[in-house]
Amino acid sequence: MGLNPDDFAGKPVIGIANSWSDLNNCNASLRELAEAVKRGVLLEGGLPLEFPTISLGEEFMKPSAMLYRNLMAMDVEETLRANPIDGVVLLCNCDKTTPAQLMAAASADLPAIQLNGGPRAISHFHGEPIGSGTDLWRYSDERRAGRLSDADWRDLEACYGCGVGACNTMGTASTMTSLSESLGMMLPGTASIPATDARRMQAATATGRRIVQMVHEDLRPSKILTPAAFDNAIRALLALGGSTNAVVHLVAMAGRRNIRLPLSRFDELARTTPFLVNLMPSGQHLMDRFHAAGGLSAVLAEIRDLLNLDSLTVTGQTLGENIIRARSFDRDVIRAREQPLAENGALAVLTGNLAPRGAVIKVSAASPKLMQQRGRAVVFHDYEDLLARINDPALPVDANSVLVLQNAGPKGVPGFPEWGSIPIPTKLLQAGVTDVVRISDSRMSGTAFGTVVLHVAPESADGGLIGLVHDGDVIELDVESRRLQLLVDDAELAQRRAAWQPRPIKHLRGYPRLYIDHVLQADEGCDFDFLRPSSDVELEFVQPVVGRS
Ligand code: FES
């Protein structure tokens with residue numbers, strides 16, 4: 001390695017887990033950031049050693065980067081466990097890279113700090129700013145409705161993603177990096193710094209310096225990732241109107257510390273947390289405005305009285321100390337507590353016979369008029385069926401229909417893809433309908449919007465009732481009473497259940513096979529059963545020896 005003994009003797013060895021990859025455009029800036037992190041580590045008297053990890057890019061990976069979140073978590077955890085590293089800087093950006101690294105850090109329990117690549121610059125289409133994902137879905141509907149020409153579509157493609165960085169909406173990437181900061185795993189004020197802003201390089205150097213100090217202080221994730229910290233993250237998610245995917249990831253991360261985070265906890269906190277942040281897809285603005293308005297710290301300051309301010313963070317100080325000077329500089333973007341976008345309930349957890357273990361709806365991005373709806377089901381048996389028929393003028397659908405997608409859950413695909421924001425059928429779009437109730441055992445992009453019920457558990461492939469819905473069945477959605485019910489009598493359902501056969505499993509080997517055999521359902525975070533600690537004793541066992549380098 002070309003190192004003299006004096007170069008490392010007595011110095012903390014700092015791993016830099018870099019999820020940079022040519023296959024992941026969102027993480028393209030992490031190479032440069034790693035150099036700035038190294039500078040910080042050296043300035044503080046540590047020895048930086050960068051290592052590659054697998055990288056998960058939402059835009060290219062099929063069927064879903066989510067299939068590989070647990071694989072990435074294993075890759076990072078085992079690299080930390082196997083090598084003489086005293087502390088680690090986790091470089092993330094695109095959606096799944098953030099929770100995968102935090103799951104790994106929670107299990108390995110070495111001093112760890114996370115740094116993201118930041119949101120990409122805003123580009124413009126025909127003079128209008130484009131929100132990543134959100135505007136793509138919107139213009140895609142316009143195109144299917146015949147209101148956007150092929151030439152316009154090519155213009156949109158040409159300018160859609162101009163620059164390095166993550167989606168510039170409050171999609172899953174920005175939600176997860178904001179939650180990492182809320183949990184106390186990222187330096188305050190850093191999650192929303194734009195990807196190409198010089199302050200991001202400064203944050204990288206500061207992060208490098210800080211991890212060396214954390215090793216000396218023996219400040220580990222086990223001291224930061226507490227039940228109180230997860231409550232703070234849930235409050236932040238709700239105030240942000242953030243991605244539904246965060247629910248799955250937070251449950252998985254908490255599980256790595258033996259912390260049970262039932263879906264009911266999200267619903268409980270949703271009833272008392274105001275929705276404050278006016279960002280796409282729940283609102284109007286983009287991440288550049290969010291950062292200028294004060295970023296996450298300003299949001300946390302607004303809900304200060306709802307937070308566990310004593311929670312320890314990577315700064316070595318408490319969350320309360322970190323946000324002491326924070327305030328909103330733009331009340332249109334980060335609302336005052338007294339003038340929220342909604343008093344509460346950005347997310348809701350639904351139960352009923354259709355989702356006995358729960359389902360999630362992002363109320364902040366749904367249509368108020370559809371919060372209470374009874375309609376007849378139009379069932380798609382899988383994604384291929386959906387693609388084959390959604391644009392069919394003969395599809396028996398109207399504005400009151402409830403679209404149901406089956407076999408799109410964690411085991412069913414496998415991989416729990418983002419197919420849940422079922423496109424509005426073309427014949428409805430042409431009639432001016434912009435939203436209908438949609439239900440699935442799938443997920444949706446954090447950038448998507450609409451009255452979309454997701455993560456139905458148990459899923460179709462696990463014998464869930466959602467797999468037994470027939471065309472024409474009446475489904476009742478009542479968000480106010482948190483109810484999702486299939487209105488079919490019990491005798492008929494018993495008959496259908498008796499006739500139900502699991503679909504043949506296509507994947508007989510390799511990682512997909514491992515995934516199907518061990519993935520937990522959505523309400524348990526979709527981690528692998530064998531990756532959760534079985535007891536506190538096991539957690540103690542995996543803690544490495546400090547300074548072993
Ligand atoms: Fe990578 Fe949105 S697709 S951050």
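All residue numbers in this chain count up from 1 along the given sequence. Please read all numbers here as calculations on a predicted model, not as lab measurements.
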K.L.:
Is it true that Arg256 and Asp527 make a salt bridge, defined as a side-chain N closer than 4.0 Å to a carboxylate O?
P.N.:
yes
K.L.:
Has the side chain of Thr134 got a donor or acceptor atom that lies under 3.5 Å from a matching backbone atom of Thr447?
P.N.:
yes
K.L.:
Do Ser182 and Leu296 touch side chain to side chain, with heavy atoms closer than 4.5 Å?
P.N.:
yes
K.L.:
Is the backbone of Ala106 close enough, under 3.5 Å, to the side chain of Arg257 for a donor and an acceptor to pair up by distance?
P.N.:
yes
K.L.:
If you define the side chain from C-beta out and look only at heavy atoms, does anything of Arg374 sit under 4.5 Å from Leu487?
P.N.:
yes
K.L.:
Can you find a heavy atom in the side chain of Val436 that is under 4.5 Å from one in the side chain of Gln373?
P.N.:
no
K.L.:
Closest heavy-atom contact between Asp478 and Leu350?
P.N.:
O-CD2, 4.5 Å
K.L.:
Taking side chain to side chain donor-acceptor pair (under 3.5 Å) as the definition, give me every residue that meets it alongside Asp489, ordered by chain and number, with sequence neighbours left out.
P.N.:
none
K.L.:
Quick check against the 3.5 Å criterion: does Ser460 have a side-chain atom that pairs as donor or acceptor with the backbone of Asn407?
P.N.:
yes
K.L.:
As a quick check of understanding, evaluate side chain to side chain donor-acceptor pair (under 3.5 Å) for Arg199 and Gln202, giving each step before the final call.
P.N.:
CA-CA 5 Å; Arg199 287 170 292 181; Gln202 293 173 327; 5.9 Å; no
K.L.:
Can you tell me if Thr207 uses its side chain to pair, donor with acceptor, with the backbone of Ala203 under 3.5 Å?
P.N.:
yes
K.L.:
Are the charged groups of Glu302 and Arg331 less than 4.0 angstrom apart, N to O?
P.N.:
yes
K.L.:
Consider side-chain contact (heavy atoms from CB on, under 4.5 Å). Of Cys526, Ser243, Ser64, Ser421, which one does Arg443 pass it with?
P.N.:
Ser64
K.L.:
Check residues 287-295 and write down every donor-acceptor pair under 3.5 Å in which the side-chain atom is one partner and the other belongs to a residue at least two apart or another chain.
P.N.:
residue: Arg289; atom: NE; partner: Asp330; partner atom: OD2; Å: 3.4
residue: Arg289; atom: NH2; partner: Asp330; partner atom: OD2; Å: 2.9
residue: His291; atom: ND1; partner: Ser192; partner atom: OG; Å: 2.7

K.L.:
Would you say that more than 12 heavy atoms from the other residues, nucleotides or ligands in this model lie under 6.0 Å from the CZ of Arg304, or not?
P.N.:
yes
K.L.:
Between Asp231 and Arg235, does the salt bridge (Lys or Arg N to Asp or Glu O under 4.0 Å) criterion hold? Intermediate values first, please.
P.N.:
CA-CA 6 Å; Asp231 271 1; Arg235 293 279 192 194; over 6 Å; no
K.L.:
Where do Ser282 and Ser364 land on the side chain to side chain donor-acceptor pair (under 3.5 Å) test, with the steps shown first?
P.N.:
CA-CA 5 Å; Ser282 296; Ser364 58; 2.9 Å; yes
K.L.:
Please step through side chain to side chain donor-acceptor pair (under 3.5 Å) for the pair Trp419 and Ser440, ending with a clear verdict.
P.N.:
CA-CA 8 Å; Trp419 295 341; Ser440 74; over 6 Å; no
K.L.:
Using side-chain heavy atoms (C-beta onward) and a distance below 4.5 Å, is Met253 in contact with Leu183?
P.N.:
yes
K.L.:
Short question: side chain of Thr172, backbone of Gly446 - any donor-acceptor pair under 3.5 Å?
P.N.:
yes
K.L.:
Looking only at atom types and distance, does a side-chain atom of Asn93 sit under 3.5 Å from a main-chain N or O of Gly118, one as donor and one as acceptor?
P.N.:
yes
K.L.:
Is the shortest heavy-atom distance from the side chain of Ile439 to the side chain of Val437 under 4.5 Å?
P.N.:
yes
K.L.:
Report the residue from Asp267, Val456, Leu347 that forms a side-chain contact (heavy atoms from CB on, under 4.5 Å) with Val360.
P.N.:
Leu347
K.L.:
I'd like to know if Arg357 and Glu459 make a salt bridge, using a cut-off of under 4.0 Å between side-chain N and carboxylate O.
P.N.:
no
K.L.:
Under the 3.5 angstrom rule, does the side chain of Asp441 hit a backbone N or O of Ala408 as a donor-acceptor pair?
P.N.:
yes
K.L.:
Give a yes or no on whether the backbone of Val469 and the side-chain of Gln406 come within a donor-acceptor separation of less than 3.5 Å.
P.N.:
yes
K.L.:
Tell me whether Arg200 contacts the main-chain N or O of Thr190 through its side chain, where contact means a donor paired with an acceptor under 3.5 Å.
P.N.:
yes
K.L.:
Heavy atoms, side chains only, cut-off 4.5 Å: are Val247 and Leu263 in contact?
P.N.:
yes
K.L.:
Within a strict 4.5 Å, meaning less than it, do heavy atoms of the Leu307 and Leu300 side chains meet?
P.N.:
yes
